[in-house]
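Notes follow the structure.
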Amino acid sequence: MIQFAKDYIPLYFAGTLVALGVAALSMALSVGIGLLGALGRMSGNRTARSVTSAYVAFFRGIPPLVLLYVVYFGLPSWAQELGVRPLADFLAPLNNRIMSAVVAFGVNSGAYSTEIIRSAIASIHPEQMEAAQSLGMSYWLAMRRIIVPQSARVAFPPLGNEFIAVLKGTSLASVIGVTELMRDAQLVAAATFRNLAAYTLAAVFYVVLVIILQSVVGRLERRLSLVHK
Amino acid sequence: MLAGPSLGQGREETRSKPGTLLSAAAEQTTRYEGSGGPLLQLIDVSKYFGKTPALSDVNLTVNRGETVAIVGPSGSGKTTLLRCINFLVPYDSGRILVNGRLVGYREQQGNTVRDTGHNVNEIRKRIGMVFQQFNLFPHRTVLGNLIEGPLYVLRITRSEAVTRAQAALELIGLMDKVEAYPDQLSGGQQQRVAIARALCMEPELMLFDEVTSALDPELVGEVLSVMRQLARKGMTMVVVTHEMEFARDVADRVVFMEASKIVTDQPASDFFERPSTPRIGAFLSRLSLPRNSD
Ligand SMILES: Nc1ncnc2c1ncn2[C@@H]1O[C@H](COP(=O)(O)OP(=O)(O)OP(=O)(O)O)[C@@H](O)[C@H]1O
Ligand SMILES: [Mg+2]
């Protein structure tokens, strides 16, 4: 077991980096979607509200693995068959496994981020908006300068947890051949026939990674806190 | 919410440090002084929340440099009146004029329509508002709170904004708290910073909504003392308050509201010496105004 670990740790490290990269890109997409989604959910515009609610309901309901299949196996070939050139070009990047994984996980997680950011914004007292407006700030300026920065501090811990969930979810990308941690474990298992060792080592990597991330999130959380006493 | 027990607190303190704030910012004196004439006019203003009237045909004129105290029982419409002035609450009918300019509405082909957000903000820039709950921005330092509006609304330079902030901090006597966050300050200090935040916009009118009601009694005096300085410097102020002593000593006029209406509007001395209706007598006696000690 020790020798086994020694032999494969470098490979697992490489897989971990890929997993982290995919998770980070997915999370960036997720937060971007979440911010827009939250503003849409809280908007006075009825269409914006229904579109964003539908998005949340829809993508929270789809298992990420199903979404990944749709995005990677479904969309590019569908556009190809349809023969609409611009659409095919637009979706061509999804032939890249990593790109597909990022889009699928980002769009899936975006539904959760939308809810996290929406409730963070809602947790800021409406008096903050009034104070900003009484200074002559427009709604959007007040959002940008006063409400969103405060909400970001509130949203940070749950978004940190969401990032950890996304990171664990990247193991699904192994099914489309992204050589992240889980995929590496599968390859090792196939080559050595030592299933238990191969997957246990992967499990250990995930656990350690998550513990590290959790402590980083905790530290940042304290630093970003609105309480200064 | 009646602040009966806290009435008159802090008076000694106020007197024991005469004029320190005033002298500190004496060079600003002229800034707040206008040229006379009504700065604020409310004409037949009404506001309903659903079927509940919050303001019924309210008429009020405030001249430049005047301090008008608004008093009255809970739910009489005092907060609504203030919030209509800077259009945080849209009024239903009548007209509100600040500097002769209609607030929140404009004429369009003979109809009165809601004014643009831009125009409303133009008016809000010139009206400072101070809230009962301070409402400082908790994610910014004291300095950050003070320069936020000047930088992003007035769009003056950072160094100008900081200069203004320093003058305002001197006025409220909190020069040593520039880098503090609001939650590191006492309630009284926070409220003084909130006043300073409004002053940094160099407003021509200041609105105060029960700004001492959320404070511990021993902190009321320091906030009232800052407001006294402003009144003395000629700032135009509309002050909703339960601090009757403050109203008597500082206000030029006292407006008594009840059930969404202005019942009386008289010089402060008349209001306290010769209550014009029994209701005012009853209101005052409930607040147990201490007899004039001098
Ligand atoms: N946002 C609102 N929605 C519905 N009704 C409201 C709202 N704001 C105020 N009202 C009602 O309007 C009336 C006037 O309220 P307002 O807050 O102006 O009174 P007030 O004189 O400031 O009272 P207090 O001394 O308690 O602060 C009350 O009947 C109140 O219930
Ligand atoms: Mg009120």
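Atoms considered below: every heavy atom in the structure, side chains included; atoms not considered: hydrogens, waters and symmetry mates. Letters A, B, ... mirror the listed sequences (proteins, then strands); counts begin at 1.
- For chain A, the nearby parts of B/Y152 are the backbone and the side chain; heavy atoms of each come within less than 4.5 Å.
- Scanning all heavy atoms of the two residues, the minimum distance from B/H139 to A/R145 falls at NE2-O, 3.1 Å.
- The most heavy-atom pairs under 4.5 Å with chain A, out of B/K125, B/R126, B/H118, B/E148, come from B/E148.
- Minimum interatomic distance between B/V153 and A/L141 (heavy atoms only, all atoms of both residues): CG2-CD2, 4.3 Å.
- For CZ of A/R153, the number of neighbouring non-hydrogen atoms (other residues, nucleotides, ligands) closer than 6.0 Å is greater than 12.
- Comparing B/E122, B/Q133, B/M129, B/R197 by heavy-atom pairs within less than 4.5 Å of chain A, the highest count is held by B/R197.
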Decide yes or no on side chain to side chain contact (heavy atoms under 4.5 Å, CB included) for B/L88 and A/Q133, but give the supporting numbers first.
-> CA-CA 8 Å; B/L88 280 179; A/Q133 289 184 324; 4.1 Å; yes
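- Looking at B/N135, both its backbone and its side chain come within 4.5 Å of chain A, counting heavy atoms on both sides.
- We find the CD-CZ distance between A/Q150 and B/F137 to be 8.0 Å, quoted to the nearest 0.5 Å.
- Residues of residues 98-128 of chain A that come closer than 4.5 Å to chain B, counting heavy atoms only, are A/E127, A/Q128, ordered by residue number.
- Put simply, of B/I123, B/L154, B/L136, B/L207, the one with the most heavy-atom pairs under 4.5 Å next to chain A is B/L136.
- Side-chain atoms of A/M137 and B/N121, non-hydrogen and from C-beta on, never get closer than 4.5 Å to each other.
- B/I127 touches chain A through its backbone: at least one of N, CA, C or O sits under 4.5 Å from a heavy atom, while the side chain does not.
- Both the backbone and the side chain of A/I146 have a heavy atom closer than 4.5 Å to some heavy atom of chain B.
- Within residues 37-59 of chain A, no residue has any heavy atom closer than 4.5 Å to a heavy atom of chain B.
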